[in-house]
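Below: the structure, in structure tokens.
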Amino acid sequence: MLLPGPIQKLIGALERLPGVGPKSASRLAFYLLRAPDEVSEELSQALSGLKGKVTFCEECFNITEAGRPRCEICDDPGRDAGVLCVVEEALDVLAVERVGAYTGKYHVLHGVLSPIEGVGPGDIRVKPLVDRIAKGGVREVILATNPSMEGDATALYLQQQLRAFGVQITRLARGLPVGGDLEYADQNTILRALTGRSEMG
Ligand SMILES: [Zn+2]
């Protein structure tokens, strides 16, 4: 490597980000090198202490600003606490919110079950979901995990865990591309999947 250490270090750090290969990592690093100082300063400020400034909502595990126990959605008295939309990641909350048609609340699992990758029920937020349903007050649980093998398996597992509580359990309609990601689906697709959701048999 003929590159100076600091640049190598930056490229190495960027390469570890999802979706960034060695080529784009180098491109980004050289862009930052050439760009006005403000660009890299703003980026470094945004990154520094990021984890300390953000926390998870203690009710739904959505991301929220540190010092705030509950997220905006959980704190909103206008949202229907009787309907829970269960998603894999906090980004999926944003995707469903962008559609603007959902008025219930959420539960963020922070992952999916994946025996291959060694992810079991104890590794994602399954227990807090079961506890939430056990407390009562929820009529419907919409299982909005991605239409992938892991997403389907997770939905099936959750259905089995929640069945005993007598809540209605629905799954998003198959408008979503199989193997696709909720996060990247367009608003119409999500809206169709949401309105066409069906009870899990
Ligand atoms: Zn919340």
Side-chain angles (χ1 to χ4, degrees), residues 18 46-47 49-114 119-148 150-173 176 180-187 189-191 193-195 197 200:
L47 286 173
L50 172 70
K51 292 228 167 160
K53 290 174 197 150
V54 172
T55 183
F56 296 116
C57 169
E58 53 188 42
E59 191 168 327
C60 75
F61 300 100
N62 189 9
I63 38 172
T64 181
E65 248 176 84
R68 198 183 163 145
R70 285 148 54 95
C71 72
E72 257 176 71
I73 296 170
C74 287
D75 267 342
D76 184 349
R79 307 288 297 224
D80 183 356
V83 186
L84 284 192
C85 181
V86 179
V87 293
E88 292 179 19
E89 303 293 346
L91 274 173
D92 299 329
V93 172
L94 285 182
V96 177
E97 283 301 292
R98 270 199 302 267
V99 179
Y102 179 66
T103 55
K105 296 197 173 183
Y106 293 92
H107 185 90
V108 184
L109 293 170
H110 290 280
V112 269
L113 299 178
S114 171
V119 184
D123 300 312
I124 60 175
R125 310 290 173 122
V126 170
K127 176 140 196 316
L129 173 65
V130 176
D131 291 345
R132 266 178 102 178
I133 307 302
K135 266 199 283 180
V138 176
R139 303 183 307 277
E140 181 185 354
V141 176
I142 305 168
L143 298 175
T145 47
N146 291 328
S148 60
E150 289 89 356
D152 283 340
T154 306
L156 203 65
Y157 177 80
L158 293 176
Q159 186 205 12
Q160 286 160 0
Q161 297 300 304
L162 302 176
R163 204 157 34 193
F165 299 104
V167 288
Q168 191 184 19
I169 300 170
T170 54
R171 180 95 173 101
L172 289 188
L176 293 165
D181 207 315
L182 207 59
E183 182 193 335
Y184 301 116
D186 67 87
Q187 301 184 11
T189 308
I190 296 180
L191 183 62
L194 200 59
T195 49
R197 67 183 182 268
M200 285 184 77

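In listed order, ligands and their atoms are each counted from 1. Nothing fancy with the numbering, it's 1 onward along the sequence.
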Quick check: closest heavy atoms across Ala81 and Val138, and the distance to 0.1 Å? O-CG2, 3.8 Å

For a side chain to side chain contact (heavy atoms under 4.5 Å, CB included) with Leu84, tell me which candidate from Ile142, Leu143, Ile133, Leu162 qualifies. Ile133

Kindly indicate whether the side chain of Thr154, heavy atoms from C-beta on, has any atom under 4.5 Å from the side chain of Leu158. yes

Applying ring pair (Phe, Tyr, Trp, His ring centres under 6.0 Å), name anything that partners Tyr157, two or more places apart in sequence or on another chain. none

Looking at CZ of Arg68 and OG1 of Thr55, how far apart are the two atoms once the value is rounded to the nearest 0.5 Å? 12.0 Å

Closest approach of Tyr102 and Arg79, non-hydrogen atoms and distance? O-NH2, 3.3 Å

Can you list the protein N, O or S atoms less than 2.8 Å from the Zn ion (ligand 1)? Cys57 SG, Cys60 SG, Cys71 SG, Cys74 SG

